[in-house]
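Inspection log for the structure reproduced underneath, given as structure tokens.
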Amino acid sequence: MTGRVVLPADGLDLTSTLTCGQVFHWRSQGAGWLGPVGDTVVQIEQQGGELLVNAEAAAVAREYFALDHSLEEIYATFPVDESMARALVFCRGLRIVRQPAWECLATFITSALKQVPHIAQISHTLRQRYGQRLDWPGAEIFAYPGPEKLAALTEADLRDCKLGFRAKNLLGAARMIAAGEVNLDHVASLPDTEAREELCRLPGVGEKVANCALLFGFGRLAAFPIDVWIERVLRELYFRRKRNVTARRLREFSGTYFGPYGGYAQQYLFHHARMTWKKAV
DNA sequence: CTCCAGGTTCCGG
DNA sequence: CCGGAACATGGA
């Protein structure tokens with residue numbers, strides 16, 4: 001056990017941040033959490049308005065948990081309506097974290113048509129079989145395998161990790177990135193629209209997965225992923241009793257109505273709906 | 001046994 | 001542009 005450092009984290013809700021479905025590999029450990037961020041092991045625990053973190057991971061944690069995001073300023077941009085207000089009360093303190101781009105993108109490629117626990121299982125299997133073992137006493141922690149590592153595998157290898165039809169997509173994406181056909185560093189330098197188009201060149205990456213990657217892995221806080229849950233939220237809370245509301249219409253609405261931090265609004269609506277609309281998985 | 005899950009892609013109106 | 005169907009796997 002290494003020394004611990006205290007980070008001021010006023011207004012943070014660590015638990016909802018790590019369990020809201022933006023990231024899938026953190027393990028509950030005592031009163032806190034243990035997991036890798038890139039190739040750094042982070043052991044973290046919230047005590048009131050402070051975070052206790054292992055000293056060598058302090059800088060990584062500060063960046064990852066986006067402690068520089070001013071939540072109150074973000075909340076001030078949310079649209080004023082009853083649904084948004086309920087979600088905010090329920091999720092206050094939830095932060096959009098800054099995930100390493102590749103592992104975020106890859107994880108959401110494997111998320112298609114899967115429940116959250118399954119996504120977590122796939123992530124763990126991939127890490128355990130093909131990721132680098134990180135040095136941490138008393139626990140086996142693995143980094144997410146890089147695109148070059150996955151590119152060298154076969155589709156059968158990945159299907160054996162229970163990826164199903166997603167195996168071909170993850171493999172294809174890894175190979176395109178490993179070959180330099182798509183460069184994630186370049187994507188990071190592009191405006192939102194162009195970055196999204198570039199990501200959509202990868203197999204298994206459509207609007208939704210691209211927006212998840214942009215929001216959670218590229219810090220594009222306006223990106224608004226529309227999945228089955230958010231589509232229900234939009235249709236039932238914002239288009240109640242409206243006929244013929246197309247996907248395009250929902251996309252246009254969500255792209256403007258929720259403002260410059262639409263991604264935050266999206267995650268709050270998503271988490272709130274999932275936790276309160278019965279049978280929370 | 002049937003249904004659905006943080007979708008994408010391809011196909012026919 | 002829009003609605004349907006196929007695609008793997010596991011849990012309810």
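First the proteins, then the strands, lettered A, B, ... as listed; each starts at 1. Reckoned from all heavy atoms, side chains included, excluding hydrogens, waters and symmetry mates.
At the heavy-atom level, A:G21 lies under 4.0 Å from base atoms of the strands shown. Residue A:Q121 is out of contact with every strand shown, counting any heavy-atom pair closer than 4.0 Å. Using a 4.0 Å heavy-atom criterion, one finds that A:K208 contacts the bases of the nucleic acid, with or without backbone contacts as well. A:R166 comes within contact range of at least one nucleobase, with a heavy-atom separation under 4.0 Å.
Judged by ring centres under 5.5 Å apart and planes tilted less than 30 degrees, A:W229 fails to stack against the six-membered base ring of B:dG6.
Separating the CD atom of A:E231 from the P atom of B:dG6 is a distance of 14 Å, rounded to the nearest angstrom. If you measure from atom NE2 of A:H118 to atom P of B:dG6, you get 9 Å, rounded to the nearest angstrom. For the pair A:L250 CG and C:dC2 C1', the computed distance is 13 Å after rounding to whole Å. At whole-Å resolution of the value, CD1 in A:I122 and P in B:dG6 are 12 Å apart. A:N244 places its CG atom 14 Å from the C1' atom of C:dC1, with the value rounded to the nearest Å. Look at NZ on A:K114: it is 4 Å from C1' on C:dT9, rounded to the nearest Å. Rounded to an integer number of Å, the gap from CZ of A:R274 to P of B:dC4 is 17 Å. Atom pair A:W277:CH2 and B:dC4:P shows a separation of 16 Å (rounding to whole Å applied).
On the P atoms, B:dT2 is 16 Å away from C:dA6, given to the nearest whole Å. Distance check on atom P: B:dC3 versus C:dA5 gives 13 Å, rounded to whole Å.
Comparing C:dG3, C:dG10, B:dT8 by their closest approach to the side chain of A:V209 singles out B:dT8. In the set B:dG6, C:dC7, C:dG10, C:dC7 carries the atom at the smallest distance from any side-chain atom of A:F165.
When each of A:R248 and A:E155 is assigned the nucleotide of DNA chain C with its nearest heavy atom, A:R248 is the one assigned upstream, toward the 5' end. Place A:F24 and A:V205 on DNA chain B by their nearest nucleotides, and A:F24 ends up nearer the 5' end. For the pair A:I230 and A:G204, nearest-nucleotide mapping onto DNA chain B gives the more 5' position to A:I230.
Residues A:H124 and A:F142 place their aromatic rings such that the two centres sit no closer than 6.0 Å.
Distance check, rounded to the nearest 0.5 Å: OG of A:S16 to CD of A:Q267 gives 9.5 Å. Distance check: A:F239 CZ to A:F253 CZ gives 5.0 Å after rounding to the nearest 0.5 Å. Summarising the geometry, atom CG belonging to A:L269 is positioned 12.0 Å from atom CZ belonging to A:F90; distances are rounded to the nearest 0.5 Å.
For the pair A:I177/A:W102, a side-chain contact is recorded, criterion being any heavy-atom separation below 4.5 Å from C-beta on.
Side-chain nitrogen and oxygen atoms of A:R232 include at least one within less than 4.0 Å of the OP1 or OP2 phosphate oxygen of B:dA5.
Among A:Q132, A:E140, A:E103, the single residue meeting the side-chain hydrogen bond (donor to acceptor under 3.5 Å, both in side chains) criterion with A:R127 is A:E103.
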